[in-house]
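A short write-up of the structure that comes next.
All values reported here derive from a predicted model rather than from experimental measurement.
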Amino acid sequence: MRKRISDELELMAKILDVESEQRRRYRNSALTRYNTGDKIHEKQLAFHRCQKRNRWVFGGNRSGKTECGAVEAVWWARGIHPYRRNRENVSGWVVSLSYEVQRDVAQAKILHYLDPDWIDEIVMSSGRRESPELGIIDYISVKNVFGGTSRISFKSCDQGREKFQGASLDFVWFDEEPPYDVYCECRMRVLDRKGEIWGTMTPLKGLTWVYDEIYLNAPSDPEVWHEHMEWADNPYLDAGEVAALSASMDEQTLASRRYGKFSEAEGAVYREFDASVHVTEPFDVPPEWQDNISIDPGLRNPLACLFFAVDYDGTVYVVAEWYEAGREIGYHSEKICELADKLGWKRRRDGRLEALIDSAANQRTLSGAKSVSELFFEKGIAVDARVNKELFGGIARVKEYLAEGRLKIFSCCVNLIREIKSYWWGKGDVPIKKDDHALDALRYYLMTRPQAAKLPKAEQTIVQKDKQRLLRARKNGILSARAGKTGV
């Protein structure tokens with residue numbers, strides 16, 4: 001009897017020990033609690049799910065950007081990334097602005113998400129290995145679930161570009177914006193392994209290389225992706241504290257510190273633009289939505305041509321663009337017609353396309369017997385130069401459409417999106433005249449398009465209300481059918 005009781009007590013003790021160990025591991029493994037439960041940070045998940053190889057998060061302070069950068073690094077090192085094909089014996093760098101910033105930010109986050117049982121070795125640059133969080137870590141050897149060992153190394157930008165040479169890496173994580181030469185060197189480090197780069201930063205330095213290379217994606221690199229995070233995206237921040245802190249900041253500080261947006265003294269013209277709201281993936285546009293084409297002509301400068309559609313609620317869609325510099329009108333006309341055929345765009349009875357164009361296209365020059373409008377007509381495009389070119393009125397009209405969410409741009413219109421992002425006020429409240437050709441075409445269209453009268457609801461007749469209901473039902477039916485066709 002005593003032996004049986006003793007055995008039962010021993011078994012219960014073992015069970016309690018196992019449960020205690022499980023609870024300890026759960027408490028210590030912050031990774032198991034990352035983005036689980038009732039509070040989900042959707043933009044962090046979007047970052048992890050994105051399959052691009054050069055991903056950046058522009059976030060305000062405390063928006064959650066550093067958390068997702070650290071988790072990404074730990075997932076890679078452990079070989080447990082839920083949205084990637086995992087690798088064995090991964091080697092990666094965590095790059096900070098200085099050793100002090102490394103210790104206080106990126107290094108602390110990595111240690112937070114690394115369970116002690118996963119660490120094979122910690123090598124210190126300074127400080128004691130028994131208290132790595134107090135010193136400067138050189139690298140951490142991490143046990144990979146496939147049986148190998150991964151290495152997370154820490155680098156500081158103030159070491160200079162030469163210290164970033166020679167290695168072959170699977171990933172590089174930039175915690176805050178690095179110097180451009182360091183960024184270029186790190187891109188070389190992941191080349192042979194087809195590795196990835198990601199960055200998490202608050203844009204406090206103005207319009208630096210990151211603005212051009214990543215945010216605007218001036219090189220049109222198909223592997224570049226970015227996302228903005230702001231305080232409201234972080235479900236762990238108290239709404240009252242967010243409101244109080246927001247009220248204490250001026251507009252420019254708020255733009256970067258809260259919203260993670262780039263800014264300079266003069267400011268962006270189209271502050272209302274938000275890619276998550278105004279940019280949409282292409283879909284098959286119903287023929288009855290097709291509205292017009294708008295052209296801003298150029299020879300040495302780019303010629304910009306935009307195709308516009310309008311749905312039953314009056315939302316304008318920019319569904320395609322043609323954008324190229326240094327070509328003759330015949331070449332542009334041919335390419336615009338090819339794009340129109342690809343879209344199944346409507347034509348006149350004589351087979352020509354119809355388009356709006358800058359009124360200057362009607363002028364003849366001493367070097368040519370025919371105007372730009374006449375040349376387009378001969379090449380199959382009947383252009384209408386009766387457009388309203390008022391600059392400030394056009395800007396106000398675009399801002400109105402953006403603010404009301406009535407302008408949607410297909411993601412394939414990369415030049416228009418880039419120009420909207422890079423359009424800044426200069427001195428004397430005049431926009432800087434640079435890279436605005438697609439924006440001019442956009443203004444011509446919106447200023448020429450009749451504005452729908454907005455009647456108060458009380459003044460609408462029963463017939464008007466019924467018509468609106470039918471139009472919405474028809475639109476929803478089209479969208480539902482499209483979703484079914486694409487398997488969404």
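- Using a 4.5 Å cut-off on side-chain heavy atoms (C-beta onward), V71 and L31 make contact.
- Side-chain atoms of R443 and V398, non-hydrogen and from C-beta on, do get closer than 4.5 Å to each other.
- Paired with Y215 under the rule ring pair (Phe, Tyr, Trp, His ring centres under 6.0 Å), one option of F273, F262, W56 passes, and it is F262.
- Ring pair F58/H226: centre-to-centre distance below 6.0 Å.
- Between Y401 and Y270, the gap from one ring centroid to the other reaches at least 6.0 Å.
- Nearest heavy-atom pair, R87 versus K194, reported as atom, atom and distance to 0.1 Å: NH2-O, 3.0 Å.
- Minimum heavy-atom separation, A77 to V90: CA-CB, 4.4 Å.
- Checked against the 6.0 Å centroid criterion, the rings of F283 and F410 qualify as a close aromatic pair.
- Distance alone, capped at 3.5 Å, is enough to place a donor-acceptor pair between the N234 side chain and the R62 backbone.
- Counting all heavy atoms, side chain and backbone alike, P219 lies closest to E213 at CG-OE1, 3.7 Å.
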Assess the residue pair K52 and E223 against the criterion (salt bridge (Lys or Arg N to Asp or Glu O under 4.0 Å)); give the C-alpha distance rounded to whole Å, side-chain angles, the decisive distance to 0.1 Å, and a yes or no.
CA-CA 5 Å; K52 304 292 187 180; E223 292 299 329; 5.6 Å; no
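- Scanning all heavy atoms of the two residues, the minimum distance from A167 to R189 falls at O-NE, 2.7 Å.
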Which is it for E72 and H81 under the side chain to side chain donor-acceptor pair (under 3.5 Å) test, yes or no, and what are the steps along the way?
CA-CA 8 Å; E72 186 79 6; H81 201 300; 2.8 Å; yes
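- Using a distance-only test at 3.5 Å, with no hydrogens or angles considered, a donor-acceptor pair links the side chain of T36 to the main chain of R33.
- To the nearest 0.5 Å, the span separating CD1 on I295 from SG on C305 amounts to 4.5 Å.
- To the nearest 0.5 Å, atom CG of residue L356 and atom CG of residue L446 are 10.5 Å apart.
- Taking the six-membered ring wherever Trp is involved, the centroid distance between the rings of W231 and Y259 does not fall below 6.0 Å.
- In summary, of the residues considered (K43, R258, K39), a salt bridge (Lys or Arg N to Asp or Glu O under 4.0 Å) with D233 occurs for K43 alone.
- Ring pair Y317/W289: centre-to-centre distance below 6.0 Å.
- For the pair R55 and F47, the cation sits on the ring face: its NZ or CZ lies under 6.0 Å from the ring centre, inside 45° of the axis.
- Checking each of W93, F171, Y183 against W198 for a ring pair (Phe, Tyr, Trp, His ring centres under 6.0 Å) leaves exactly one that passes, namely F171.
- Of the possible polar contacts, none joining the D296 side chain to the A438 backbone as a donor-acceptor pair under 3.5 Å is found.
- S96 has its side chain out of reach of C157: every pair of non-hydrogen atoms, C-beta onward, lies at least 4.5 Å apart.
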Could you please spell out the steps behind the salt bridge (Lys or Arg N to Asp or Glu O under 4.0 Å) verdict for E324 and R327?
CA-CA 7 Å; E324 191 169 341; R327 296 286 192 168; 3.2 Å; yes
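- Using modelled atom types, no side-chain atom of S131 and backbone atom of L134 make a donor-acceptor pair closer than 3.5 Å.
- Summarising the geometry of C186 relative to F174, their closest heavy-atom pair is CB-CZ, 3.6 Å, with the distance given to 0.1 Å.
- H48 and Y34 have their aromatic ring centers within a separation under 6.0 angstrom.
- Atom NZ of K399 sits in a crowded spot, with more than 12 heavy atoms from other residues, nucleotides or ligands closer than 6.0 Å.
- We find the NE2-OG distance between H41 and S63 to be 6.0 Å, quoted to the nearest 0.5 Å.
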Show, in sequence, the C-alpha distance, side-chain angles and deciding distance for K143 and D120, and conclude whether the salt bridge (Lys or Arg N to Asp or Glu O under 4.0 Å) test is met.
CA-CA 6 Å; K143 298 174 184 176; D120 188 56; 5.1 Å; no
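- Minimum heavy-atom separation, Y99 to S156: N-OG, 3.5 Å.
- Within a 6.0 Å sphere centred on CZ of R193, other residues, nucleotides and ligands contribute more than 12 heavy atoms.
- Two residues are said to be in side-chain contact when any heavy atoms from C-beta on lie closer than 4.5 Å; R418 and N217 fail this criterion.
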One pair to check against salt bridge (Lys or Arg N to Asp or Glu O under 4.0 Å): E196 and R53. What are the steps and the verdict?
CA-CA 5 Å; E196 297 190 12; R53 294 174 55 198; 5.7 Å; no
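- W118 carries R78 over the face of its six-membered ring, with the cationic atom under 6.0 Å from the centre and within 45° of the normal.
- Counting heavy atoms from C-beta on, the side chains of P203 and K261 never come closer than 4.5 Å.
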